[in-house]
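This is a predicted model, so every value here is computed, not measured. Letters go in sequence order (proteins before strands), and every chain restarts at 1.
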Amino acid sequence: MPISNEEIAALFENMAALLEVKGENVFKVRAYQRAARAIEQHPEPLEVMVREGREEELQGIPGVGEAIAAKIVELIRTGRVRAYEEVKAQFPPGVLTLMEVPGVGPKTALRLVREVGVQTVEDLEKAILDGRVAALPRMGPKSAENILRAIHAMRRKERRIPLGDALPVAEAVASALRERLPAITHALPVGSIRRWRDTVGDIDIMVVAPDGQAVMDTLARLPMVTQVLAQGPKKGSVLVAQGLQVDVRVVEEEAFGSMLQYFTGSQQHNILLREYANRLGLSLSEYGITDVRTGALEKFSSEEAFYRRLGLPWIPPEIREGLQEIEVAARGEAPRLVTLEDIKGDFHVHTNWSDGQDPPEAMVAAAKALGYAYVAITDHSQGLGVARGLTPERLREQRRLLRSLEERYGIRIFQGSEVDIRADGTLDLPDEVLGELDLVVAAVHSALQQPREKMTQRVIKAMDNPYVTVLAHPTGRLLGEREPVDIDLEAVFTAARERGVALEVNASPKRLDLKDTHIMRAREVGVPLVISTDAHRREALGDMRFGVAQARRGWCQAAHIVNTWPWERVEAWVRERRRG
DNA sequence: GCCGTTTTCGGCCCGACTGTTTTCAGTCG
């Protein structure tokens, strides 16, 4: 069973936590944390790199040096890391568990285990309720109460929430603040929302106003706020519905640029940017840039000016993840990322002929209104009974309608099908029917529990069919609802490139599938990509922005995305594949 | 433990908030 980058990252994350408990050098701890994050985001499975004898490339990952590279190899070859086992043996397992509670760090966790004897979150809750925690020296009733609240909040909300769910909440809080306090000139979502991460852990909102205290008082009294976690003059944290945490920072207008940069993050990007600035003799903070030699603070009204002062072009928020973006920008090699304006059409759209809500007319009109040159209507195939999939006869009937709409709306309409990939890898429509379509989007909808090898072969078999144009939502995940299928994506990427099949970046905020790191890897491998909304109603065509953002997070340029091409080129590409 | 437009040694981002503290440690982002 191969070990995933996420599992390797988790080990180093635990290693860092244990070293922190042990009281190790904080920079060593940070080194492990940084490596863990970089490994988690690394596009290619490290297991593949080691298996293919490319161990020396491990040190190309930012933050991975000789020692950590050796531990990665050890883990992949032997299934364990001796140094980790040794440090783990020095502490009761409860320490790491307790540190999962927000507000409980290494110091507190160790004291709770050693001096109160708790090992689990349940133990901890009991110990707080019977007063044993508050009785500790340098603890008190308020500290204990805060930990208890954190435990309850943790139980309400364990996971990160999908971007599509967080965004409306963030906008509601921001606009509520603006309405109630006219002195606010800006209130905007920042943090991982502004970076368009597929899921977010909390909501960050930056507010520009002359009086921070007034903003915090207003925040605390908002109707959607259920609890105030922290409240100072410049910064506050509250809980809103579903236990979602909202962090607000207030700044004066003149520091707009530096605060926007700071609060957008990511934290790792900021750390690296601050190190970069230090080498220039500059010190960065949310308030501006200080010349270390003179002590003078320079303020910035825009992010562009802030980055420019560091000799850098503006870096798009989507790629501020602390990978190589600063070095690349400094060399003047930053890619021009794909934009929404580059998108010329949508390749995956449903109508009420299958499980969509709106008729083909409405979907076509909506695509036209977005300025698209083309749209593919891809209703489900017959086998998907729950989605009222189309039989070959219904498909032919629909084609006549689409031809008439094409003239009426002046937009190229591709008739396609989202054809089901059956459990054995065969397709749900015969080749002669597929051949009558302009393009074919193939997807897995059933037997999602198949083992890795079987699922991988099933999907590759489907891609063997020359009529298959796009593999849709390749991992099948539904954010917050369904885990991705177990599939060897490296094998799928290679097969897709060899066959000239495009992989979908499904833009629906419920899916975002492929996800950012997969997109990055697919792009590296040379797989053509398509950004599609999978819209089931006309408004959902607007989800394209989520998909474009994910592609940008994967460092995609327009050239990597098939639906930035004019329709003539798309048609030629489909024909070429069919000829083999 | 990592890393280099000062460096293979000696640094390592920076500030806000809380609670329990008479001056700061712990935690977080």
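A gap of 25 Å separates the C1' atoms of dG15(B) and dG10(B), to the nearest Å. Annotation: dC2(B) and dC13(B) have their P atoms spaced 16 Å apart (nearest Å). Between the C1' atoms of dG1(B) and dT5(B), the separation comes to 24 Å (whole Å). Using P as the reference atom, dT6(B) and dC17(B) are 35 Å apart when rounded to the nearest Å. dG29(B) and dT23(B) have their P atoms separated by 29 Å, with the value rounded to a whole Å. Going from the P atom of dT20(B) to that of dA16(B) covers 22 Å, rounded to whole Å.
Among the atoms of the strands shown, only primed sugar atoms or phosphate atoms (P, OP1, OP2) are found under 4.0 Å from some heavy atom of S283(A). Among the atoms of the strands shown, only primed sugar atoms or phosphate atoms (P, OP1, OP2) are found under 4.0 Å from some heavy atom of P141(A). Among the atoms of the strands shown, none is found under 4.0 Å from any heavy atom of L273(A). Contacts of N146(A) with the nucleic acid, taken as non-hydrogen atoms under 4.0 Å apart, involve only primed sugar atoms and P, OP1 or OP2. At the heavy-atom level, I271(A) lies under 4.0 Å from base atoms of the strands shown. T108(A) comes within 4.0 angstrom of the backbone, heavy atoms only, and of no base. Within the nucleic acid shown, V104(A) comes within 4.0 Å of sugar-phosphate atoms alone, with no base atom in reach, counting heavy atoms only. Base contact: R30(A) has a heavy atom under 4.0 Å from a base atom. F263(A) comes within contact range of no nucleotide atom at all, as no heavy-atom separation falls under 4.0 Å. Within 4.0 Å (heavy atoms only), Q267(A) reaches at least one base atom of the nucleic acid. Residue contacts for V64(A): at a heavy-atom cut-off of 4.0 Å it reaches the sugar-phosphate backbone alone, with no base atom in range.
Below 30°, between 30° and 60°, or above 60°: for F546(A) and W196(A) the angle between ring planes is above 60°, a perpendicular geometry.
Annotated as anti: dT6(B), whose glycosidic dihedral deviates from 0 by more than 90°.
Where DNA chain B meets chain A (any atom under 4.0 Å from a heavy atom), the bounding nucleotides read 5' to 3' are dG1(B) to dG29(B).
Mapping A144(A) and T290(A) onto DNA chain B by nearest heavy atom places T290(A) closer to the 5' end of the strand. Summary of the strand contacts: G103(A) and K71(A) both lie near DNA chain B, and taking for each the nucleotide with the nearest heavy atom, the more 5' one is attributed to K71(A).
A donor-acceptor contact shorter than 3.5 Å is absent between the side chain of T290(A) and the backbone of V292(A). Counting only distance, with no hydrogens or angles, the side chain of Q550(A) and the backbone of G547(A) share no donor-acceptor pair below 3.5 Å. Within the 3.5 Å criterion, the main-chain N or O of I315(A) finds no donor-acceptor partner in the side chain of E325(A).
Interface residues of residues 305-323 of chain A facing DNA chain B, ordered by number: none; criterion, heavy-atom separation under 4.0 Å.
Around CZ of R482(A), the count of heavy atoms belonging to other residues, nucleotides or ligands within 6.0 Å exceeds 12. Sparse packing is recorded around CD of E483(A), with 12 or fewer heavy atoms of other residues, nucleotides or ligands lying under 6.0 Å away.
Pairing each heavy atom of A209(A) with each of V250(A), the nearest pair is O-CG1, 4.0 Å. Q324(A) and P62(A) get closest at one heavy-atom pair: NE2-CD, 3.7 Å. Minimum interatomic distance between D165(A) and V169(A) (heavy atoms only, all atoms of both residues): O-CG2, 3.5 Å.
With a cut-off of 3.5 Å on both Watson-Crick or G-U wobble distances, the partner of dT8(B) is given as none.
Using a cut-off of 4.0 Å between Lys/Arg side-chain N and Asp/Glu carboxylate O, E275(A) and R30(A) are scored as salt-bridged. Salt-bridge formation is detected for the pair R77(A)/E55(A): a Lys NZ or Arg NE/NH1/NH2 atom is positioned less than 4.0 Å from an Asp or Glu carboxylate oxygen.
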